[in-house]
Visitor: 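Right, I'll just put the structure down here and ask away after.
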Amino acid sequence: MIRVALPQHLRTLARVDGDVELDVDGPVTLGAVLDALERRYPVLEGAIRDHATRRRRAFVRFFACETDFSHEPPETPLPPAVAAGAEPLLIVGALAGG
Amino acid sequence: MSGVRVLVGTRKGAFILTADGARRTWDVSGPHFGGWEMYHLKGSPADPNRIYASQSSGWFGQIIQRSSDGGKTWEVPGGETMPQPDDPPRTGSNKFVYDTSADTGKPLTTHQWYDGTQHPWEFKRVWHLEPSVSDPDTVYAGVEDAALFRSTDGCRSWHELAGLRGHGSGPQWAPGAGGLCLHTILLDPTNRDRMFLAISAAGAFRTDDGGTTWTAINRGLRSQHIPDPTAEVGHCVHRLAMHRSRPNVLFMQKHWDVMRSDDAGGSWHEVSGNLPSDFGFVIDVHAHEPETVYVVPITSDSEHYPPDGKLRVYRSRSGGNDWEALTNGLPQRDCYVNVLRDAMSVDGLDPCGVYFGTTGGQVYGSADAGDSWAPIVRDLPAVLSVEVQTLT
């Protein structure tokens, strides 16, 4: 079971409290977790990655185990602690604006 | 018992203001979608309990919300949580993808950027939602970068009416200060194949075949800020308005100039008359008097606040040229708010109610066609849009 921590606005949008728990088939990569998240919560499609390009939205960042995965390609494996469900993948809204 | 429901979009959420037909005591609900930019909310003329809302964020993009109970509860059409992890994927809700098909081809154009270079179309947000007059599940969306989309399934899916960008003049369209936005959609209530729209800064357009092909309707406009002041396109039209009983007569608040057309946009003439400034954003028409028009003059294109610090609505009872200042109940000193293009609306009661919202967070209402005004709310976030539903 993979855990994903969403920013507050996306929790509200997906109507979830706390971390999201997901099953991911195959290797636990950044792209596979995001695919599973959007499949379970279609409302998040386009809110994290652009609908057309599938690229990360500019003001969204990905962190796990104190490592920045924001600029890594989708096939990047996430740390074993994330794959084991001990640590969450953090999806974070960049600090900007007012 | 009649009543009104005022739908207010702000920079930080949506608010719904309701009153009975007297329009003296108001109930305020909200913020709905707190923290999000709510560019526009509008109810279906065919089913007043059906309301659509454009919710957007620089972080998380565009969301379309839908209510089927008059704004008490909301859902994202097509965005329901999947009960099982291996359920088949849904068609993407909130998905606005420009038509790039080989068949249409022409939408593969670029538009003009601020510096005059060409720039590809990039979807940013929905500025305006216009539900069909007859079908609650059909909605038009005006978006930035300027294009027109239509949903026929209650906003679960969207398809571009690509003939607009296929008009061929796209490379001459340029963004205004607010972006290259399609902000006005007027549906002709007597002719389902005809609609009007406006784009900043491209101008006004009309279709007579349900959106397949479009004609630029800007003859008579004069804009000093473009190389050819009378060009076919490139005009910064801020807003169009019509009276439903007379859809061939259009009123326009352009960047500068208040304009009128008596031939469905075939030609325009200026009706700014005695206004203290003919720069502004909003324009609307009285619900029962097709020649009674309202505007809110703004000082200039670089000073987006009322002249002399006095918030004045101007009313013409003659279709333009002769304007009277309406000041009763509005601040007449030290007022430096703006009234944005989608932030004025009228109700259908008698006397006609008129409403507008400001960037200072006030929503003013008049239950006597503008003779007197009172704030319904004073301290909302900056108001982006105001729409009114008349409930019977």
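So you know, we letter chains A, B, ... as the sequences are listed, proteins then strands, and number each from 1. Note that the structure is predicted; figures quoted are calculated from it, not measured.
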Visitor: Is any side-chain N of the basic residue among A/Glu45 and A/Arg39 closer than 4.0 Å to the acidic one's carboxylate O?
Guide: no
Visitor: Checking an interface table here. Which of residues 66-78 of chain A come within a heavy-atom distance under 4.5 Å of chain B?
Guide: none
Visitor: Could you look at A/Leu22 and say if it's the side chain, the backbone, both or neither that has a heavy atom under 4.5 Å from chain B?
Guide: neither
Visitor: Would you confirm whether A/Thr12, through its side chain, and A/Gln8, through its main-chain N or O, come within 3.5 Å as a donor-acceptor pair?
Guide: yes
Visitor: Would you verify whether the NZ or CZ of B/Arg165 falls within 45 degrees of the ring axis of B/Trp121 while also being under 6.0 Å from that six-membered ring's centre?
Guide: yes
Visitor: Quick one: which residues of residues 25-33 of chain A reach chain B at under 4.5 angstrom, heavy atoms only?
Guide: none
Visitor: Heavy-atom pairs under 4.5 Å with chain A are the metric here; pick the option from B/Gly61, B/Pro77, B/Gly34 that has the most.
Guide: B/Gly61
Visitor: Check whether the side chains of B/Ser200 and B/His183 place a donor and an acceptor atom closer than 3.5 Å, and report yes or no.
Guide: yes
Visitor: What I'd like to find out is whether the side chain of A/Leu37 reaches to under 4.5 Å of the side chain of A/Ile48, using heavy atoms alone.
Guide: yes
Visitor: What part of A/Ala14 gets closer than 4.5 Å to chain B, counting heavy atoms only: side chain, backbone, both or neither?
Guide: backbone
Visitor: Applying side chain to side chain contact (heavy atoms under 4.5 Å, CB included), can you list everything that pairs with B/Ala343, at least two apart in sequence or on another chain?
Guide: B/Val339, B/Val383, B/Val386
Visitor: Can you tell me which portion of B/Gln65 sits under 4.5 Å from chain A's heavy atoms? Options are side chain, backbone, both or neither.
Guide: side chain
Visitor: Assess whether a salt bridge exists between A/Asp50 and A/Arg56, defined as any Lys/Arg side-chain N lying under 4.0 Å from an Asp/Glu carboxylate O.
Guide: no
Visitor: So, B/Tyr114 side chain and B/Gly176 main chain: donor-acceptor pair closer than 3.5 Å or not?
Guide: yes
Visitor: Is a side-chain N or O of B/Trp59 found less than 3.5 angstrom from the main chain of A/Val60, in a donor-acceptor match?
Guide: no
Visitor: Enumerate the salt bridge (charged side-chain N to carboxylate O under 4.0 Å, His left out) contacts for residues 1-10 of chain A, please, sequence neighbours excluded, ordered by first and then second residue.
Guide: A/Arg3-A/Asp19
Visitor: Pick out which of B/Thr18, B/Leu17, B/Ile16 makes a side-chain contact (heavy atoms from CB on, under 4.5 Å) with B/Asp27.
Guide: B/Thr18
